[in-house]
Participant: 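The structure that follows is given in the form of structure tokens.
Just so you know, these numbers use all the heavy atoms, side chains as well, and skip hydrogens, waters and symmetry mates. Chain A is the first sequence line, chain B the second, and so forth, proteins listed ahead of strands; every chain is numbered from 1.
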There are 2 protein chains.
Amino acid sequence: MPNDVIGAERCDCDVIHDDVVARVRKTIPRDETLFDLAELFKVFGDSTRMKILWALDTSEMCVCDLAYLFNMTQSAISHQLRVLKLAKLVKNRRDGKVIYYALDDEHVRQIIDQGLTHINELP
Amino acid sequence: MPNDVIGAERCDCDVIHDDVVARVRKTIPRDETLFDLAELFKVFGDSTRMKILWALDTSEMCVCDLAYLFNMTQSAISHQLRVLKLAKLVKNRRDGKVIYYALDDEHVRQIIDQGLTHINELP
DNA sequence: CAAACATATGAACAACTGTTCATATGTATT
DNA sequence: AATACATATGAACAGTTGTTCATATGTTTG
């Protein structure tokens with residue numbers, strides 16, 4: 001299903017590069033997929049959530065563990081865990097009063113590692 | 001170099017989970033690294049930039065090609081290309097009046113692919 | 001060198017985001 | 001049942017972000 005192809009103003013070089021534009025149009029994913037992808041990365045794009053993900057990669061933890069570990073409010077952590085859960089990056093289980101959170105996806109680590117590689121290779 | 005360890009309020013289970021917290025403290029990267037990582041993913045967390053990255057993965061393109069392709073203002077594209085360039089994800093070369101942008105990193109595709117895998121595996 | 005073109009950039013504005021504060025929900029203990 | 005504890009959640013607020021508009025920079029062409 002092709003994306004929005006309704007024309008904007010074209011400059012001279014658009015016409016020259018018509019083939020390139022056409023090639024991209026054929027291979028680029030649907031708008032909705034690109035939007036979902038951006039939404040996913042947006043979740044990784046906050047240092048509090050990044051800390052939480054990294055912590056949970058070591059071990060499952062409860063909310064107050066995380067709050068104590070990062071010296072943050074229980075409420076702030078809880079709000080962010082909600083975001084992570086909606087993105088299916090994190091799952092939880094209840095044990096009495098305590099709720100334990102854990103990573104819910106084996107790709108989380110891989111995505112983060114790719115990011116680390118990029119950062120470490122910068123000059 | 002250890003991160004901020006100044007104490008927040010501890011709940012009862014913190015004390016119980018002291019070992020877990022200590023283990024995370026030992027293995028988690030420096031605050032600065034986590035911040036940089038989040039900054040990197042933030043760049044992927046916008047659908048306009050995601051579109052641009054995907055387009056440039058097919059072929060280098062000039063600014064007005066991208067504007068035409070996505071039916072957006074030249075200015076809007078230009079602003080986002082600036083963000084991508086600051087993140088070292090994109091490089092450019094000048095050819096007369098026209099400036100061509102291209103991916104500047106072989107990890108871009110891999111990072112995006114990992115994200116796609118996550119999205120596609122959702123139920 | 002003047003006009004046309006491609007791109008960059010600063011200011012302004014609306015929309016979005018993350019934290020805090022107050023409070024609600026749910027569970028265990030006595 | 002009442003209290004204490006762990007977590008969730010809604011409202012509010014400040015800070016951030018992406019687009020638009022106007023304009024500036026830099027290059028080519030006549």
Participant: Think B:Ser75 has a side-chain N or O under 4.0 angstrom from the OP1 or OP2 of D:dA22?
Facilitator: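 Answer is no, no contact under 4.0 Å.
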
Participant: What is the separation between atom CG on A:Leu84 and atom P on C:dT17, rounded to the nearest whole Å?
Facilitator: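 Between P of C:dT17 and CG of A:Leu84: 14 Å.
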
Participant: Whole angstroms only, please: what is the CD1-P distance between B:Ile52 and D:dG18?
Facilitator: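 Distance, rounded to whole Å: 11 Å.
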
Participant: It should be established whether A:Tyr101 places a side-chain nitrogen or oxygen under 4.0 Å from OP1 or OP2 of nucleotide D:dA8.
Facilitator: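 Answer yes for this pair, as a side-chain N or O of A:Tyr101 is under 4.0 Å from OP1 or OP2.
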
Participant: Compare the minimum distances between each of C:dA6, C:dT20, C:dA8 and the side chain of A:Asp12, then state the nucleotide with the smallest one.
Facilitator: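 Taking heavy atoms from C-beta onward, the closest nucleotide is C:dA6.
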
Participant: How many whole angstroms separate atom OH of B:Tyr68 from atom P of C:dT7?
Facilitator: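 So the two atoms are 15 Å apart, to the nearest Å.
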
Participant: Grab the CZ-C1' distance between A:Arg49 and C:dG18 for me, whole Å please.
Facilitator: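 Distance, rounded to whole Å: 8 Å.
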
Participant: Would the distance check show the side chain of A:His118 and the main-chain N or O of B:Ala87 forming a donor-acceptor pair, the cut-off being under 3.5 Å?
Facilitator: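 Such a contact is found between A:His118 side chain and B:Ala87 backbone.
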
Participant: Do any side-chain nitrogens or oxygens of B:Arg94 fall under 4.0 Å of OP1 or OP2 in D:dT27?
Facilitator: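 Checking D:dT27 against B:Arg94, a side-chain N or O does come within under 4.0 Å of OP1 or OP2.
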
Participant: How many Å lie between CG on A:Asn92 and P on D:dT9, as a whole number?
Facilitator: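 My rounded result for the distance is 10 Å.
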
Participant: Please report, rounded to the nearest Å, how far the P atom of C:dG18 is from the CG atom of A:Leu81.
Facilitator: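 One finds 13 Å between P of C:dG18 and CG of A:Leu81, rounded.
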
Participant: For the residue pair A:Arg25 and B:Tyr68, would you count it as a cation-pi contact if the rule is NZ or CZ under 6.0 angstrom from the ring centre and within 45 degrees of the ring axis?
Facilitator: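 Yes; both conditions hold, so A:Arg25 lies above the ring face of B:Tyr68.
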
Participant: Does B:Arg82 make a side-chain N or O approach to OP1 or OP2 of C:dT9 shorter than 4.0 Å?
Facilitator: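 Yes, because at least one side-chain N or O of B:Arg82 sits under 4.0 Å from OP1 or OP2 of C:dT9.
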
Participant: Determine the contact category for B:Thr73: base if any of its heavy atoms lies under 4.0 Å from a base atom, sugar-phosphate if only primed atoms, P, OP1 or OP2 are that close, otherwise nothing.
Facilitator: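 Sugar-phosphate, backbone atoms only, no base.
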
Participant: Measure from the side-chain heavy atoms of B:Asp46 and tell me the nearest of C:dA6, D:dG18, C:dA8.
Facilitator: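 Nearest to the side chain of B:Asp46 among the choices is D:dG18.
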
Participant: How long is the gap from CD1 on A:Ile119 to NZ on B:Lys88, to the nearest 0.5 Å?
Facilitator: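 That separation rounds to 13.0 Å.
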
Participant: Whole-Å distance between C:dT7 P and B:Gln80 CD?
Facilitator: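 One finds 16 Å between P of C:dT7 and CD of B:Gln80, rounded.
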
Participant: Heavy-atom count check: over 12 atoms from other residues, nucleotides or ligands less than 6.0 Å from A:Arg23 CZ?
Facilitator: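 Count over threshold, so yes.
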
Participant: Less than 5.5 Å between centroids and less than 30° between ring planes, does B:His79 satisfy that with C:dT9?
Facilitator: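 Yes.
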
Participant: Less than 4.0 angstrom between a side-chain N/O of A:Gln74 and OP1 or OP2 of C:dT20, yes or no?
Facilitator: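 No.
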
Participant: Counting heavy atoms from C-beta on, name the nucleotide in D:dA6, C:dA8, C:dA11 closest to the side chain of A:Lys97.
Facilitator: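 Given the options D:dA6, C:dA8, C:dA11, the side chain of A:Lys97 is closest to D:dA6.
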
Participant: For the side chain of A:Ser78, starting at C-beta, report the closest nucleotide among D:dT9, C:dA6, C:dT19.
Facilitator: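 Within the option list, the nearest is D:dT9.
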
Participant: Does B:Phe35 have more than 12 heavy atoms from other residues, nucleotides or ligands lying within 6.0 Å of its CZ?
Facilitator: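 Incorrect, the count does not exceed 12.
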
Participant: Categorize B:Lys42 for me: base, sugar-phosphate, or nothing, with a 4.0 angstrom heavy-atom threshold over every strand shown.
Facilitator: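 Sugar-phosphate: the residue B:Lys42, judged by heavy atoms under 4.0 Å, touches backbone atoms but no base.
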
Participant: Would you indicate what B:Tyr100 reaches in the nucleic acid, counting non-hydrogen atoms under 4.0 angstrom: base, sugar-phosphate, or nothing?
Facilitator: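 The answer is nothing, as B:Tyr100 stays clear of every strand by at least 4.0 Å.
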
